[in-house]
Amino acid sequence: MEKGTPALGWAARDDSGLLSPYSFSRRVQKDEDVTIKVLFCGICHTDLHIAKNEWGNALYPVVPGHEIVGVVTDVGPGVKSFKAGDTVGVGYFLDSCRSCHTCSKGYENYCPTIVLTSNGVDYDGATTQGGFSDVLVVNQDYVLRVPENLSLAGAAPLLCAGVTMYSPMMQYGLNAPGKHLGVVGLGGLGHMAVKFGKAFGMTVTVISSSPRKREEALERLGADAFLVSQDAEQMKAAAGTMDGIIDTVSAGHPLVPLLELLKPMGQMVVVGAPSEPLALPAYAIIGGGKRVAGNGVGSVSSCQAMLDFAGKHGITADVEVVKMDYVNTAIERLERNNVRYRFVIDVAGSQLGASA
């Protein structure tokens, strides 16, 4: 039997979340597969949750990572869109059933049997291992082309954080010049929402629980205004002024004060995932006909459109690049939100080691 491609990565083996070197094999390259040398991989909060089994679904040993940028090293004979040497990306998922309602409508990200890039189960029953590793084998339909003008380290978080912001902005009309967008939380997701909002020509207000990030939001990221959600007077003055709000906060927080910022018929999109349920009284949305939606990353076509838009406007994430041997420290810092705004692992520049 033909052997798959040998791979080296860093895996968590239990709920301590501690990562260490791990040797495994990628699947044998199929006719429509692309083999990718991983160059950079972002560290997302999801990686932290999975490594520590905080969602109760970790499939140990697990190699995290789904914000992947790399270079094509080989392609199967059925691959027409990519060739060796192409710079490409892989995001949160790497396959879907292609036949369900959502897949047929082009929303593969909501496929009931979606195959996640890390900690997922492939259709052959194998556990998927993510981008904290040196090589990846992916079907061509789930590989994305990364614009040549973008920093590769800065482009990696676009594959998750970027499309998670861009996709709902496009879907709900929060991309029109002159519209007023509120961004709740200024972290890995929120700073991307500010960048896309300004590129769309919107008025952007950052909403945060403390004034600590005011200067960062206004002077460095170019937001138009900064609102402290704990300041009742500021919130009252801003009531009814926003066309849409993207809520990126992953800790518990009240929704009603945020909904009061929306104009009638305004749209809130929730993309943060607090572990505790968020309270949503009916009166908060009935009055004014306000709407609340969720969003999970984006489809393949939405992600490619986002990358193309980012290339046109020179948009990348603000990152701190680290080597693989720093990953456990990076995850500890991520737990404390001590990063501006995304850690990215220089996988190709790291000594990955070897282990069973």
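Basis for what follows: all heavy atoms, side chains included, without hydrogens, waters or symmetry-related copies. Nothing fancy with the numbering, it's 1 onward along the sequence. This one's a predicted model, so the numbers in the text were calculated from it and none came from an experiment.
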Colleague: Would L186 and V249 show up in the same hydrophobic cluster when neighbours are defined by side-chain heavy atoms closer than 4.5 Å?
Modeller: no

Colleague: Report the distance from atom CZ of F200 to atom CG of N175, rounding to the nearest 0.5 Å.
Modeller: 5.0 Å

Colleague: Hey, is the main chain of L116 close enough, under 3.5 Å, to the side chain of T128 for a donor-acceptor pair?
Modeller: yes

Colleague: For residues E67 and C44, report the shortest heavy-atom separation together with the two atoms involved.
Modeller: OE2-CB, 4.1 Å

Colleague: Return the NZ to CG distance between K290 and L280, rounded to the nearest 0.5 Å.
Modeller: 11.5 Å

Colleague: Are V183 and M242 connected in the hydrophobic side-chain network, where two residues link if heavy atoms are under 4.5 Å apart?
Modeller: no

Colleague: If you measure only the distance, is there a donor-acceptor pair under 3.5 Å linking the side chains of R26 and T35?
Modeller: no

Colleague: Is a side-chain donor or acceptor of E320 paired with a backbone partner of V339 at a separation under 3.5 angstrom?
Modeller: no

Colleague: Provide the closest heavy-atom pair for A251 versus P274 in the form atom of the first, atom of the second, distance.
Modeller: O-CG, 3.6 Å

Colleague: Could you tell me whether the side chain of Q140 and the main chain of F82 form a donor-acceptor pair under 3.5 Å?
Modeller: no

Colleague: Kindly work out whether a path of hydrophobic side-chain contacts (I/L/V/M/F/W/Y, heavy atoms less than 4.5 Å apart) joins I50 to W10.
Modeller: no

Colleague: Before giving the answer on side chain to side chain contact (heavy atoms under 4.5 Å, CB included), spell out for D325 and Q351 the whole-Å C-alpha distance, their side-chain angles and the decisive distance to 0.1 Å.
Modeller: CA-CA 8 Å; D325 60 8; Q351 295 292 325; over 6 Å; no

Colleague: Would I68 and L159 count as a side chain to side chain contact (heavy atoms under 4.5 Å, CB included) here? Give the steps.
Modeller: CA-CA 7 Å; I68 302 160; L159 278 301; 6.0 Å; no

Colleague: On a heavy-atom basis, which atom in S23 and which in L8 lie closest, and how many Å separate them?
Modeller: OG-CD2, 3.2 Å

Colleague: State whether a side-chain donor-acceptor pair under 3.5 Å links Y341 with E216.
Modeller: yes

Colleague: Do you know which two heavy atoms are closest between M202 and L174, and how far apart they sit?
Modeller: SD-O, 3.0 Å

Colleague: Quick one: does Q129's side chain have a donor or acceptor within less than 3.5 Å of a partner on P61's backbone?
Modeller: yes

Colleague: Could you report the tightest heavy-atom contact between G197 and L181, atom names first, then the distance?
Modeller: CA-CD2, 4.5 Å

Colleague: Does any part of the side chain of M170, heavy atoms only, come nearer than 4.5 Å to the side chain of F309, both counted from C-beta?
Modeller: no

Colleague: Is the backbone N or O of S208 less than 3.5 Å from a side-chain atom of K213, with the two atoms forming a donor-acceptor pair by type?
Modeller: no

Colleague: T117 vs Y142, test: side chain to side chain donor-acceptor pair (under 3.5 Å). Steps then yes/no.
Modeller: CA-CA 10 Å; T117 300; Y142 298 82; over 6 Å; no

Colleague: Please output the side-chain donor-acceptor pairs of residues 150-157 that fall under 3.5 Å, not counting sequence neighbours, one pair per line with the distance.
Modeller:
{"unit_1": "S151", "atom_1": "OG", "unit_2": "G154", "atom_2": "N", "d": "3.2"}

Colleague: Any idea which heavy atoms bring I315 and A199 closest together, and the distance?
Modeller: CD1-CB, 3.7 Å

Colleague: Just so I know, are the side chains of F343 and V327 near enough to count as touching, which here means a heavy-atom distance under 4.5 Å?
Modeller: no

Colleague: With a 4.5 Å cut-off on side-chain heavy-atom distances among I, L, V, M, F, W and Y, is there a chain of contacts connecting V270 to L258?
Modeller: yes

Colleague: Counting C-beta onward and ignoring hydrogens, is there a side-chain heavy-atom pair between K83 and V72 closer than 4.5 Å?
Modeller: no

Colleague: Going through the distances and angles, do L255 and D247 end up as a side chain to side chain contact (heavy atoms under 4.5 Å, CB included)?
Modeller: CA-CA 9 Å; L255 290 183; D247 185 350; 3.5 Å; yes

Colleague: Can you confirm whether T203 sits close enough to D243 that some side-chain heavy atom of one is under 4.5 Å from a side-chain heavy atom of the other?
Modeller: no

Colleague: In Å, rounded to the nearest 0.5 Å, how long is the span from CG of L259 to CE of M268?
Modeller: 4.0 Å

Colleague: Decide whether Y123 and T113 meet the rule of one side-chain donor and one side-chain acceptor closer than 3.5 Å.
Modeller: yes

Colleague: Can you tell whether the side chains of D308 and R145 come within less than 4.0 Å, N to carboxylate O?
Modeller: no

Colleague: Roughly how far, to the nearest 0.5 Å, is the CE atom of M165 from the CG atom of N295?
Modeller: 7.5 Å

Colleague: Considering only heavy atoms from C-beta outward, does the side chain of D318 approach that of L221 to under 4.5 Å?
Modeller: yes

Colleague: Is a side-chain donor or acceptor of R291 paired with a backbone partner of M265 at a separation under 3.5 angstrom?
Modeller: yes

Colleague: Do side-chain atoms of N119 reach the backbone of L59 as a donor and acceptor pair under 3.5 angstrom?
Modeller: yes

Colleague: Donor-acceptor pair, D224 side chain versus V204 backbone, under 3.5 Å?
Modeller: yes

Colleague: Treat each ILVMFWY residue as a node, draw an edge where side-chain heavy atoms are under 4.5 Å apart, and state whether V34 and V137 are in one component.
Modeller: no

Colleague: For K263, I'd like to know if atom NZ has over 12 heavy atoms of other residues, nucleotides or ligands within 6.0 Å.
Modeller: yes

Colleague: Please list all pairs passing the ring-ring contact (aromatic ring centres under 6.0 Å, His included) test where one or both residues lie in residues 46-73, with sequence neighbours left out.
Modeller: H49-W55, H66-Y92

Colleague: Please answer whether the main-chain N or O of G173 pairs with a side-chain N or O of K179 as donor and acceptor at a distance below 3.5 Å.
Modeller: yes

Colleague: Do D124 side-chain atoms and A126 backbone N/O form a donor-acceptor pair below 3.5 Å?
Modeller: yes

